[in-house]
Amino acid sequence: MKMSIKKIVLILLVIVSISVQAKVIIFLYHRFDDARYPSTSTWTGELENHIRIVKELGLEIWTVKDLENYIYGKRKMTKDAVVFTIDDGYRSVYDSAYEIFKKHNVPFCVFLQVGAVGYPDYLTWEMINEMIKNGVEFANHSFSHSDFPSLLSKMNKEQMLEYFRSDLQKAQRVFKEKTGKTTNYYAYPYGHYIPEMIDVLKQEGFTLGFTQNPGPYDLSYGIFEIPREPLLEDWASEKHLKYILNREPLVTESLSFVLQNGILTVKAKITVPKEVKYATLYVSEKGIIKSHLKDSEIFGETALTKMYNRVMISANDGKKEYLRYHLIFNAQGE
């Protein structure tokens, strides 16, 4: 019996949906239409263009709650999805971006620096409560916006972690008092964190943690190191947006970052993509560093002097780029 063309097409679509792993890309913004701070600002014309492109490509637009449901197995995905997030809670979110999101019926989440609410250039509680009533998500971005790991130069780890805990608890308490709402999502100030801070988030009942490491998200990355793509300044262009939407999450079987006496050693077995044509190691302090690839295992090392570095492992299977960023904290760094 001959199959109809319709049946053949349907079978092919099923095969594609099974063989291609959908991904989530989380967008990150800060200010809007603010020429005073171009490195952290996005023009609302660019924001509208981002929304237009996402919709034209047929990508799903999720809330952070949708993302949480997906991560915890309560939601399935059949195609790529994006999430719009904004850090800090600047007033330009309300004055400039809010109407754009409403106009296009696009949900978004504000990670709020709670201690700054009501100050010049920041949202007020009246604005926040109005936005909540209209479906905007708000989440914890600390009370003080401290660079917590850097405090290890002034206090021991136990003291720093206790300060981190009390700060996020204060943010939770004040937010509940002012809005009647609670949140289980946290974005690390400046994207800086150490593993022990993740332990505190778990103990305090948080369910998701967001970094400022670029790249798409894969479930294998866990729930407290969720990457986000900054769409700011030059990175807000249509060309850059289409580039990041086309990248795939890189997955490793084993990952070893060893920082000893100022020397960073990277050794990782790449499992996705299955076939690696070539791979690259990038360190923010140094740029692309010399590396060796053998049987999908990449190795490289370099000296570091900075307190913070982002290390990127990038691989190509001849068709697409796969990548993942990691934050490296060097307590002895500058």
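Quantities reported herein were computed from a predicted structural model and do not represent experimental measurements. These values consider heavy atoms only, across backbone and side chains, with no hydrogens, waters or symmetry-generated copies.
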Apply ring-ring contact (aromatic ring centres under 6.0 Å, His included) to Phe257 and list each qualifying residue two or more places apart in sequence or on a separate chain.
His326

Please determine whether a side-chain nitrogen of the Lys or Arg among Asp34 and Arg36 lies less than 4.0 Å from a carboxylate oxygen of the Asp or Glu.
yes

Within the distance-only criterion (no hydrogens, no angle test), does the side chain of Lys74 pair as donor or acceptor with the backbone N or O of Asp66 below 3.5 angstrom?
no

Return a table of donor-acceptor pairs under 3.5 angstrom between the side chains of residues 137-148 and protein atoms on other chains or two or more places apart.
from: Glu137; atom 1: OE1; to: Val64; atom 2: N; distance (Å): 2.8
from: Glu137; atom 1: OE2; to: Lys65; atom 2: N; distance (Å): 3.1
from: Asn140; atom 1: OD1; to: Ser142; atom 2: N; distance (Å): 2.7
from: Asn140; atom 1: ND2; to: Leu168; atom 2: O; distance (Å): 3.4
from: Asn140; atom 1: ND2; to: Gln172; atom 2: OE1; distance (Å): 3.1
from: His141; atom 1: ND1; to: Ala187; atom 2: O; distance (Å): 2.7
from: His141; atom 1: NE2; to: Asp88; atom 2: OD1; distance (Å): 3.2
from: His141; atom 1: NE2; to: His145; atom 2: NE2; distance (Å): 3.2
from: Ser142; atom 1: OG; to: His145; atom 2: N; distance (Å): 2.7
from: Ser144; atom 1: OG; to: Ser146; atom 2: N; distance (Å): 3.4
from: Ser144; atom 1: OG; to: Ser146; atom 2: OG; distance (Å): 2.7
from: Ser144; atom 1: OG; to: Tyr163; atom 2: OH; distance (Å): 3.3
from: Ser144; atom 1: OG; to: Asp167; atom 2: OD2; distance (Å): 2.7
from: His145; atom 1: ND1; to: Tyr190; atom 2: OH; distance (Å): 3.3
from: His145; atom 1: NE2; to: Asp88; atom 2: OD1; distance (Å): 3.1
from: Ser146; atom 1: OG; to: Tyr163; atom 2: OH; distance (Å): 3.1
from: Asp147; atom 1: OD1; to: His192; atom 2: ND1; distance (Å): 3.2
from: Asp147; atom 1: OD1; to: Tyr308; atom 2: OH; distance (Å): 2.6
from: Asp147; atom 1: OD2; to: His192; atom 2: ND1; distance (Å): 3.3

Of Phe210, Tyr193, Phe111, Phe224, the residue whose pairing with Tyr188 passes ring-ring contact (aromatic ring centres under 6.0 Å, His included):
Tyr193

Please confirm whether Lys320 makes a cation-pi placement over Tyr322, using NZ or CZ under 6.0 Å from the six-membered ring centre and within 45° of the ring normal.
no

Do Glu253 and Thr271 pair up side chain to side chain, a donor and an acceptor below 3.5 Å, judged on atom types alone?
no

Just wondering, do Pro249 and Arg324 contact through their side chains at under 4.5 Å, heavy atoms?
no

Using only heavy-atom distances, determine whether the side chains of Thr182 and Lys176 contain a donor-acceptor pair under 3.5 Å.
no

For Asn213 and Arg310, test the side chains for any donor-to-acceptor distance below 3.5 angstrom and give the result as yes or no.
yes

Heavy-atom count around Gln203 CD within 6.0 Å, excluding the residue itself: above 12?
yes

Glu238/Lys242 ion pair, N-O < 4.0 Å
yes

Ring-face cation of Arg31 near Tyr90 (centre distance under 6.0 Å, axis angle within 45°):
yes

My understanding is that only residues two or more places apart in sequence, or in another chain, count here; which of them pass ring-ring contact (aromatic ring centres under 6.0 Å, His included) with Phe84?
Phe27, Phe101

We want to know whether Asn309 and Ser284 form a side-chain donor-acceptor pair, criterion being a heavy-atom distance below 3.5 angstrom.
yes

With a 4.0 Å cut-off on N to O distance, would you call Lys269 and Glu297 a salt bridge?
no

Side chains of Trp62 and Glu60 only: does a donor on one sit below 3.5 Å from an acceptor on the other?
yes

Do NZ/NE/NH1/NH2 and the carboxylate oxygens of Lys274 and Asp317 come within less than 4.0 Å?
no

